[in-house]
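Just so we're clear, the structure is a prediction, and the values are computed from it rather than from any experiment. The sequence lines fix the lettering, A, B, ..., with proteins before strands; numbering per chain opens at 1. We use all heavy atoms of the structure for the numbers below, so side chains are in, but hydrogens, waters and symmetry mates are not.
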There are 2 protein chains.
Amino acid sequence: MSIVHLIADIPLFHGLPKEQIDDLAMIVTDQVFKKGEIIFSESDEGTGFYVVITGRVKIFKLSFEGKEQILHIFGPGEPFGETAVFAGEHFPANAEAMEESRIFFFPRESLIALIKKTPSLALNMLAILSRRLRRFAALIDDLSLKEVPGRLAAYLLYLSEQHKGSTDLQLAITKGQLASLLGTIPETLSRILAKMTAQGLVVSEGPHIRILDLEGLQVLAESGGHL
Amino acid sequence: MSIVHLIADIPLFHGLPKEQIDDLAMIVTDQVFKKGEIIFSESDEGTGFYVVITGRVKIFKLSFEGKEQILHIFGPGEPFGETAVFAGEHFPANAEAMEESRIFFFPRESLIALIKKTPSLALNMLAILSRRLRRFAALIDDLSLKEVPGRLAAYLLYLSEQHKGSTDLQLAITKGQLASLLGTIPETLSRILAKMTAQGLVVSEGPHIRILDLEGLQVLAESGGHL
DNA sequence: CGTCGACTTGAGTTAACTCAAATCATGTGG
DNA sequence: CCACATGATTTGAGTTAACTCAAGTCGACG
């Protein structure tokens, strides 16, 4: 597929006139990152923003001792690194390709110029940032006010919703990564899954998890999460 | 001061032509909330956004058991509740006046219409949301990867920077609220302050905290925080 | 002076952590 | 096709930071 079509397919740019898409195609940088490659680091200067075309990218923070907290996992069509364009000089977190990924990079000035010309793009961008703020608020809520079982239950319910309410879930990430996403470590996650299984809430076999007691999980997620 | 001047003084609206300020003045709702009054709750529909004119407002989440996590404390000139305008139907958290506060309310449609007309406003708004995302990322980092002493140290250093590097700090909030801001409880905060005092890092007398060992605090904040 | 809220301190409990080791799946080179 | 290296996951044992509950202190204000 041509660069122009790939850009036009990015939800952020939906509805843009052809001319401006062409402009974007002129200035885009097309890159491929291998699995595990760092796209940018926390201290790097943010000279532009990125969009995932294929593959997956994780945005994460690292503690002093090396423990990681995943903030986002982005897939095709999703932009990342935009806050550096609008707010500051450096990126607030690290970005790494979780698998071989094709990434488009757009320099800062062109995005700002484009937004000035295109109100609908500004509103798209505002909507995206607002949704992320909302997700962050939920994550803070979870980290601060819920225990790990509650977070896991909430996550499983979220996955279930994504799949139209299916109770047959396939993890797209490893359990270690899930642990990092939930703000815990693999050992703890493993133990809690074992407990949930013992209580008949779920069945877990490798990356496949089946929800047995949807209501039970809901109670767990809402009540802060004591198993 | 007139409504028009008050609106023109809001940083978000800086640089707007007089005509549009007048438009805003026509549609603004001017409200006063007493200390402790709820401005909106998590489940409320977000039909617009707010700006603090005088006083202070806290944005917070509540756990099932009633523990609170403060997400923001906003003062004069700062907007809040905007994410509901761009992203969703309901507010993602609760808002309460921490003291008697004068609050302006702007309905959703007028803000969106204004942004369509005014690219610089869009960029202002994007910058504000980006800065908040950044702050949230830092908070998530703290909650997930640092222990309470590290968070407290980081907060004290932040306060010191706000006051041009002064080591004489005056808390603008109660220690209980500080605990909630740091994602802990008053008892824990009290104990940690006592420990820090015992180690000669700070002196704490009521709402007044003096930093004795700036470097020590920096080490504590950066290293995750073991006292 | 008494009450109320804010703060501190003590004692006991626990969720989640660290460290260590065993198990399992996968894939590669011989 | 097998043996071993690699990474993911699980399980066990011990430790700890931070929590809950309870009690007491302190200061401001009516």
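- The ring of B:F40 has its center closer than 6.0 angstrom to the ring center of B:Y50.
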Determine, stepwise, if the pair B:K61 / B:E68 fulfils salt bridge (Lys or Arg N to Asp or Glu O under 4.0 Å). CA-CA 6 Å; B:K61 288 262 196 182; B:E68 100 179 4; over 6 Å; no
Interface polar pairs with nucleotides 23-28 of chain D, N/O, under 3.5 angstrom:
none

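- Aromatic ring centroids of B:H72 and B:F136 lie under 6.0 Å apart.
- Using five terminal pairs a side, the axes of the helix from C:dC1-D:dG30 to C:dG30-D:dC1 at its two ends make an angle of 30°, given in steps of 10 degrees.
- The one candidate from B:E96, B:E99, B:E78 that meets the salt bridge (Lys or Arg N to Asp or Glu O under 4.0 Å) condition with B:R56 is B:E99.
- Sorted by residue number, the members of residues 186-201 of chain B with any non-hydrogen atom under 4.0 Å from DNA chain D read B:E187, B:T188, B:R191.
- The CG atom of B:L182 sits 16 Å away from the C1' atom of D:dC19 (whole-angstrom rounding).
- Taking the side chain as every heavy atom from C-beta outward, B:I53 and B:I103 never approach each other to under 4.5 Å.
- Put simply, CD1 on A:I173 is 13 Å from P on D:dA8, counting in whole angstrom units.
- Within the 4.5 Å cutoff, no side-chain heavy atoms of B:I209 are placed close to those of B:V203.
- Judged by distance alone, with hydrogens and angles left aside, the side-chain atoms of B:K175 form a donor-acceptor pair with the main-chain N or O of B:G206 at under 3.5 Å.
- Aromatic ring centroids of B:F13 and B:F106 lie under 6.0 Å apart.
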